[in-house]
Structure formats: structure tokens, C-alpha cells
Amino acid sequence: MAHDLDGVTTARAVWDFTGGDARRFFDRVSLMKETAEGFLARGAQLDFVMLIHGPATQFVAKTYAGTKFEKAPCDNLPQIHALLEALAKLGVRIEVCLIAMDRSHVKRENLIACVVVEPNVFLNSIALQNRGYALMQVD
């Protein structure tokens, strides 16, 4: 086994989610949660930020009514929401892009509670990478 994790006391990563496929989104978020739990089990402090934009914006909406996603509802939205809430309980910051929300017609009052609205998550991504966060691009 490689010793890559030896001495790691803090895991800093920015996870950039853009894809709109519900099955794939759930799978990738599940892997993110497994990764977070792996670092925590090794005693490392967790500093993960999840960025949501593009078609992935649909997965933080409570309902698709009135949104651009209205005609293609997601069958496992409750399971996705539960998974996102579990990540938030682990200390993961979940940020959604206001630009993507506006383009998708997702209103603030239609967001699940564990999500924070940011004006432009590209700014956040660049700033976090400049502060040493690993970029995890997730389609």
C-alpha cells in the first residue's frame, strides 16, 4: 500500500459538479462522501467545498416546478437531497452558483437548506485553488 496519506492532517479539496445525469451525480456524490469519511477515519481534518453549477443545479432544488428542469423530473431527488444533507453534516460546504440558478429559473426559496448561494462559483473555485485546495472536477 502506498504511503500517500501518511502525515496528512488536513484534506482540502474543491469538488466541481456540473453534470445533470441523476444516476451519475448520486454515484459521484456517494464517492465524495466515502472519500470524506476515509479522511475523517484517518484523523484528518476535512475541508471540502462542493460547487454546484450548470445542469447539476437541479439537484439542489426542492422541486422542479417552474424551473427549466420541469419536463425531466428526477426520480431519486429525495435520495440525492439526503446524501447532500449527510455531506453537510460532515462539514462539507455546498455552494450553488447564482448565475446557474438564474439561467435555470431556480429560486432561492426552492433550495434545500444545506446549500449556500454564491454569486459566481468560478470565483470561488479559483480562489480556493489559489489557497491550496485540490481541484476535483466531477462531470
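Hydrogens, waters and symmetry mates play no part in the numbers below; they use all other heavy atoms, side chains included. This structure is a prediction, so every number in the text was calculated from the model and none was measured.
The nearest pair of heavy atoms linking C74 to I80 is SG-CD1, 4.0 Å. Scanning both residues, G19 and F25, for their nearest heavy atoms gives O-CD1, 4.3 Å. Of all non-hydrogen atoms in T67 and N110, the two that sit nearest each other are CG2-ND2, 3.9 Å. Here the closest heavy-atom approach between residue A44 and residue L40 is recorded as O-CD2, 3.7 Å. In plain terms, the two heavy atoms of F26 and Q79 that are nearest each other are CE1-O, 3.6 Å. Residues K68 and R103 come closest through the heavy atom pair CD-O, 3.9 Å.
For residues 15-28, there are no salt bridge (Lys or Arg N to Asp or Glu O under 4.0 Å) pairs, not counting sequence neighbours. For residues 104-135, the pairs satisfying ring pair (Phe, Tyr, Trp, His ring centres under 6.0 Å) are H53-F122, with sequence neighbours left out.
When each of V92, L84, V138 is paired with V29, the side-chain contact (heavy atoms from CB on, under 4.5 Å) condition holds for L84 and for no other. Screening E70, K71, Q58 against Y64 for a side-chain hydrogen bond (donor to acceptor under 3.5 Å, both in side chains) leaves a single residue, Q58.
For S125, the side chain to side chain donor-acceptor pair (under 3.5 Å) partners two or more places apart in sequence, or in a different chain, are Q129. Checked against side chain to side chain contact (heavy atoms under 4.5 Å, CB included), L123 has the following partners two or more places apart in sequence or in another chain: N120. Considering only residues two or more places apart in sequence or on other chains, N130 meets the side chain to side chain donor-acceptor pair (under 3.5 Å) condition with none of them. Scanning for side chain to side chain donor-acceptor pair (under 3.5 Å) contacts around E85 gives an empty result, with sequence neighbours left out.
No donor-acceptor pair under 3.5 Å is formed between the side chain of S104 and the backbone N or O of M101.
The CZ atom of F59 sits 9.0 Å away from atom NE2 of H81, with the distance rounded to the nearest 0.5 Å. The structure places CG of L51 at 9.0 Å from CZ of R93, a figure rounded to the nearest 0.5 Å.
Using a 4.5 Å heavy-atom cutoff, the side chains of F69 and L77 are not in contact. Between F17 and M32 there is a side-chain heavy-atom pair separated by less than 4.5 Å.
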### Task
May I have the step-by-step check of side-chain contact (heavy atoms from CB on, under 4.5 Å) for R42 and V8, ending in yes or no?
CA-CA 9 Å; R42 288 170 174 79; V8 174; over 6 Å; no

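Connection of I99 to V14 is not established within any shared hydrophobic cluster, with ILVMFWY side chains joined at heavy-atom distances below 4.5 Å, either directly or through further cluster members.
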